[in-house]
Structures are given as structure tokens and as C-alpha cells.
Amino acid sequence: MKTLSNCPICDSADLTKAITSFDHTVSKQHFDISRCNGCGFHFTNPQPEPAELGKYYESDDYISHSDSEAGLVNKIYKRVRKITLKRKLNLVNRPDVSGSAKGKLLDVGCGTGYFLDSCKTDGWDATGIEPGKQAREYAISKFGLNVLEEEKLNTLTPHSFDVITMWHVLEHVPFLNERVTELKQLLKPGGTLIVAVPNRTSYDAKHYAENWAAWDVPRHLWHFSPDDIRKLFAKAAMEVKEILPMNFDAYYVSLLSEKYKNGKSSYFSAFRSGWVSNSRSGTNPPTCSSQIYIIKNK
């Protein structure tokens, strides 16, 4: 484990423990989350060393890279995925996002390749980056996609991508500022970066406190608010243009959080928490469970 002594956004050394959360998925251990008193950013601290991170993903319950149909949650996940894939594709095809034509798209952390395949089928020149061997091989064998190992990211042609997407990936990367710099270098001038991450200032995060499932320690290393995202990308001369809600996430996260909090699933309570969280998506700043940031490369 490594302990961070400075905030990765503002470099302040004024850190305090904000909360302790439990890893219900793999390690069954507690992990602390630090708060920067300089800018307010939250991050898991201490964190696993990069070489150790893989073992915290070794669970059949970690369904983001699973195609299992077993269990109600997995079945709901598959049905919701069909809807969200269409919404994501519609988003990248917006003229203010993609420009006048479908060009080159990079999906960082593409998982098993469902979104990347949707883009390729729709006419995009689509490339994926996926660190997980099993998920990467699945995407290649099932869809015939161009999916590369994470180490290949810095071998891609600079300033060559019109759109880069990261769907619930940025919170996982061990070297935050370095990754932002890499994304900046890969985007064309005026290109668009789409980043989706959980929102630690959401209603459900406050409601469930240490039992909020989207802390997901220690896999989630960074815990963002809208202000954190703005500050992080502003350092790289990139600007947040729009924030959109991910409405389904609120219900899924609340359902898991209910189980973590009470030891059993409560569909009524989870639905209520998800509904309230989504109802805050129109506030300024929006405070729904997970959010999509449309970021332009200046």
C-alpha cells in the first residue's frame, strides 16, 4: 500500500480522514478516504500499489466485466445496458461532440467491448484500451474489435482522436494527472472527452454515508465532485462544457448500498433513494448519483 501525502489536484499537504468504507466485494477490509482541506477533493488513502490492484478485481460479483445471466441484478444490468448503449451512441453522435462526421474514437477501459462495437457498427473508426486480459480477449473474440493493452496507450498517434470516452474508468486509474495529460495529447484540438464517474456529492452518497456502494474501495481510488472534475481538467487546458445525469446508476448503486447498510436488499428503499438522487440532476451543480462530463480540448 502507498500513502499519498499531497492532493493530486491542488498539491496541498493538508489532508484529513473523511470517511472509512468497507470492501464488500473482494478483500472484506476497511479503507480510509482522505479529504484535501485545500480544495475538497476526496481519495482513497492509502491506496494499493499499481501492481497490487488486479487482485481487488478478482470476483464474479464484479459484473462490469461479466456476461453472466445468473441472478436478478445481472439480468437487470443486461437490460439496462441495451438502453444505455443507445444513449451513449446518441451522445457521441451529437454534432457538438463529434463534429460534422464520424471520425476516430477511443474508448479507454472498454471492458467487454459492447459500447465500442456499437460505435464501430455505426461507422466510427473505433479503438479500445482495456487492461483486463479476460475482458480484452472477450471483446476481440466476440466482436472482432481493435482492443489494445493499457501499455499501448502511449504508442497511439498524438492528436489523432475526435472523441475519447471513459465510462466509469477515471476513478480506477492509479496515476491521475498522468492519465489526464495522456488524454490531452491524444485528442485533436477541439476534440471531445466524455468522462462518466460517480458523484460523491450526490443525495445517495450522503444518505448511505460509509455504506455508499460507489465508494467501491479500493478499486475506486478517486472520488469526484463536479468541482473536482472542472479543476482537474482545467490544469490541462480542458473545459467542462456540460454535465449530464446517468439515471439508472442511482437505482443500481442504491440497491447495493441498501444491502451493505442493512444486510439485505430493500427494493422500495433503493427505488426511493434512486428517485430522490435523480430528482437533483437539475440542481446547480447537479447532484445525481453518477454524471457524464462533456469536456472540450482547448
Salt-bridge contact R219-D23 (side-chain N to carboxylate O under 4.0 Å)
yes
Would you call the rings of Y138 and F143 parallel, tilted or perpendicular, taking 30° and 60° as the class edges?
perpendicular
Can R200 and D228 be counted as an ion pair, charged N to O under 4.0 angstrom?
yes
State whether a side-chain donor-acceptor pair under 3.5 Å links S98 with N93.
no
Are more than 12 heavy atoms, taken from residues, nucleotides or ligands other than R272, located less than 6.0 Å from that residue's CZ atom?
no
Within the 3.5 Å criterion, strictly below it, is a donor on K17 or S34 matched to an acceptor on the partner's side chain?
no
Less than 3.5 Å apart, any donor N or O on the side chain of D204 or S289 sitting next to an acceptor on the other?
yes
Angle class for the W212/W215 ring planes (parallel below 30°, perpendicular above 60°, tilted otherwise)?
perpendicular
Is the closest basic N to carboxylate O distance between E149 and K152 below 4.0 Å?
no
So E150 and R136, salt bridge (charged side-chain N to carboxylate O under 4.0 Å, His left out) or not? Walk me through it.
CA-CA 10 Å; E150 189 172 23; R136 185 173 62 250; over 6 Å; no
What heavy-atom pair brings E258 and S266 nearest, and what distance separates the two atoms?
OE1-CB, 3.7 Å
Can you say whether the rings of F41 and W222 are parallel (under 30°), tilted (30 to 60°) or perpendicular (over 60°)?
parallel
We want to know whether T44 and H220 form a side-chain donor-acceptor pair, criterion being a heavy-atom distance below 3.5 angstrom.
no
Are side-chain N/O atoms of K188 and N297 paired as donor and acceptor at under 3.5 Å?
no
So does S273 get a backbone contact from the side chain of S277, meaning a donor-acceptor N/O pair under 3.5 Å?
no
Is E52 paired with K2 through a side-chain N to carboxylate O contact shorter than 4.0 Å?
no
